Protein chains: 2
Amino acid sequence: MDAKRVFEEFLTKKNLRMTYQRQVILNLFLQEQRHLSPEELYDMVKVHDPSIGQATVYRTLKLLCEAGIAREVEFGDGVMRYEPEYGRAHHDHIICTDCGDKVEVYDPEIEALQEKMAEREGFRLTHHKMYLYGICKKCQKRRRR
Amino acid sequence: MDAKRVFEEFLTKKNLRMTYQRQVILNLFLQEQRHLSPEELYDMVKVHDPSIGQATVYRTLKLLCEAGIAREVEFGDGVMRYEPEYGRAHHDHIICTDCGDKVEVYDPEIEALQEKMAEREGFRLTHHKMYLYGICKKCQKRRRR
DNA sequence: GCTGAGAATGAAAATCATTTTTATTATTAT
DNA sequence: ATAATAATAAAAATGATTTTCATTCTCAGC
Ligand SMILES: [Mn+2]
Ligand SMILES: [Mn+2]
Ligand SMILES: [Zn+2]
Ligand SMILES: [Zn+2]
């Protein structure tokens with residue numbers, strides 16, 4: 001089942017409606033393979049149809065998260081970003097504090113230990129955020145000069 | 001060496017000055033053993049001396065971070081929080097999404113694997129953020145009723 | 001003790017991402 | 001079609017944080 005269909009079913013279940021605007025926003029969100037801020041996505045939407053408002057972009061991104069199609073990521077620059085979630089495996093991020101490059105990473109050992117850690121503290125874990133910050137290979141070289 | 005002295009040396013090195021306001025803010029910050037938002041700290045500061053402005057609280061917290069005395073923590077409610085860093089061991093947090101309770105945790109295995117992961121990707125790691133979210137024991141029981 | 005240069009301050013205004021309001025338009029069930 | 005409800009664009013509001021700016025402090029050198 002593709003993301004669009006998932007969104008439609010989610011909307012139906014909540015007595016909400018699939019609208020032209022939501023379709024445009026979803027399509028542009030999915031076709032871009034980056035971590036988009038609402039503002040960045042809004043810029044793309046404007047090119048496609050300047051009549052769509054930015055509040056609708058914000059609202060739709062919220063819905064996409066609820067529907068499990070998007071996920072919020074916060075890299076620490078004061079802007080929320082969204083990435084496709086549906087059909088993608090969970091991952092975390094390493095961010096270069098020099099050039100801003102982001103690498104997606106996944107370590108099942110870490111995930112298992114997080115689970116253990118939560119259990120140890122009596123928590124039933126629902127989700128987590130993990131961001132590693134450092135200097136990427138390219139920037140290390142550039143600095144050495 | 002205590003935090004106040006560390007701060008003084010940091011300021012001296014940067015040609016900055018230890019002022020009455022910075023002393024008040026530092027003292028109140030240290031004596032409170034919580035994760036304080038600038039606004040919360042400002043409220044405490046106001047009680048002690050209403051003439052101190054909130055911009056000074058914001059500015060001082062920034063300096064305390066630079067000096068290694070405070071650390072920023074973001075629990076995801078749109079407010080920055082600060083916790084004492086100097087003289088304390090590194091730790092991460094588990095947050096109950098029901099009651100907001102926060103538990104400080106540390107797992108050397110996870111830390112080591114994070115280091116490995118960064119190396120694998122060619123990054124020189126500088127720091128990281130890890131927040132686990134779940135339901136605490138108390139809230140699990142309350143829900144079962 | 002004075003003085004001048006730079007640092008620090010409080011108050012208010014500005015910023016900036018995000019949310020809410022409101023009047024209008026679109027969609028859906030009957 | 002009609003009525004009920006949801007969705008929208010645009011603009012205003014919000015709220016945390018930052019910046020501005022005029023004034024006050026601090027301190028090294030006299
Ligand atoms: Mn990603
Ligand atoms: Mn803590
Ligand atoms: Zn880099
Ligand atoms: Zn709880």
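The figures here come from the full heavy-atom set of this structure, side chains too, leaving out hydrogens, waters and symmetry mates. Predicted model only: the values in this text are computed from it and were never measured.
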Novice: Whole angstrom is fine here: how far is it from CG in A:L11 over to C1' in C:dT28?
Specialist: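 Between C1' of C:dT28 and CG of A:L11: 14 Å.
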
Novice: Evaluate A:E83 against A:E32 for side-chain contact (heavy atoms from CB on, under 4.5 Å), listing each step before the verdict.
Specialist: CA-CA 9 Å; A:E83 67 176 353; A:E32 195 72 8; over 6 Å; no

Novice: To the side chain of A:V79, which of C:dT18, C:dT19, D:dT17 is closest?
Specialist: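 Minimum distance to the A:V79 side chain belongs to C:dT18.
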
Novice: For B:R17 and C:dT9, is the shortest distance between a side-chain N/O and OP1 or OP2 below 4.0 Å?
Specialist: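 It does not, given that no N or O in the side chain of B:R17 lies less than 4.0 Å from OP1 or OP2 of C:dT9.
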
Novice: For the salt bridge (charged side-chain N to carboxylate O under 4.0 Å, His left out) test, which of B:R143, B:K141, B:K137, B:K138 pairs with B:D98?
Specialist: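 Testing B:D98 for a salt bridge (charged side-chain N to carboxylate O under 4.0 Å, His left out) against B:R143, B:K141, B:K137, B:K138 leaves exactly one candidate, B:R143.
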
Novice: From CG of B:N15 over to C1' of D:dC27, roughly how many Å is that when rounded to an integer?
Specialist: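 Checked: the CG to C1' distance equals 12 Å.
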
Novice: Any luck finding a side-chain donor-acceptor pair between A:E111 and A:H90 under 3.5 Å?
Specialist: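 Distance-only check passes for A:E111 and A:H90.
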
Novice: At 4.0 Å (heavy atoms only), tell me whether B:S37 reaches a base, stays on the sugar-phosphate, or touches nothing.
Specialist: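 Nothing: the residue B:S37, judged by heavy atoms under 4.0 Å, touches no strand.
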
Novice: Please compare B:T19 and B:M80 by the position of their nearest nucleotide in DNA chain D and report the one closer to 5'.
Specialist: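 Residue closer to the 5' terminus by nearest nucleotide: B:M80.
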
Novice: Using both distances under 3.5 Å as the test, list the Watson-Crick or G-U wobble partner of C:dT30, or none.
Specialist: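 Base partner found: D:dA1.
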
Novice: Just N and O in the side chain of A:Y58: are any of them under 4.0 Å from OP1 or OP2 of C:dT19?
Specialist: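 No, A:Y58 has no side-chain N/O under 4.0 Å of OP1/OP2 on C:dT19.
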
Novice: Measure CD1/B:I52 against P/D:dC25 and give the value in whole Å, please.
Specialist: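 Checked: the CD1 to P distance equals 13 Å.
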
Novice: Are A:R59 and D:dA7 close enough that a side-chain N or O sits under 4.0 Å from OP1 or OP2?
Specialist: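 Looking at the OP1 and OP2 atoms of D:dA7, neither is under 4.0 Å from any side-chain N or O of A:R59.
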
Novice: Would you indicate, yes or no, if D:dT17 has its OP1 or OP2 atom less than 4.0 angstrom from a side-chain nitrogen or oxygen of B:K62?
Specialist: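 False: B:K62 side-chain N/O out of range (4.0 Å or more) of D:dT17 OP1/OP2.
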
Novice: Taking the six-membered ring for Trp, are B:Y133 and B:Y131 parallel (under 30°), tilted (30 to 60°) or perpendicular (over 60°)?
Specialist: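 B:Y133 and B:Y131: tilted rings.
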
Novice: Between B:A55 and B:Q21, who's closer to the 5' end of DNA chain D by nearest nucleotide?
Specialist: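 Here B:A55 is the residue nearer the 5' end.
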
Novice: If we count only N and O atoms by modelled type, under 3.5 Å, do the side chains of B:H35 and B:E104 hold a donor and an acceptor together?
Specialist: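 Side-chain D/A pair, B:H35 to B:E104: present.
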
Novice: Measure OH/A:Y82 against P/C:dT18 and give the value in whole Å, please.
Specialist: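 The distance from OH of A:Y82 to P of C:dT18 comes to 7 Å, rounded to the nearest Å.
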
Novice: Rounding to a whole Å, what distance do you find between B:Q54:CD and D:dT19:C1'?
Specialist: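 Rounding to the nearest Å, CD of B:Q54 and C1' of D:dT19 are 13 Å apart.
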
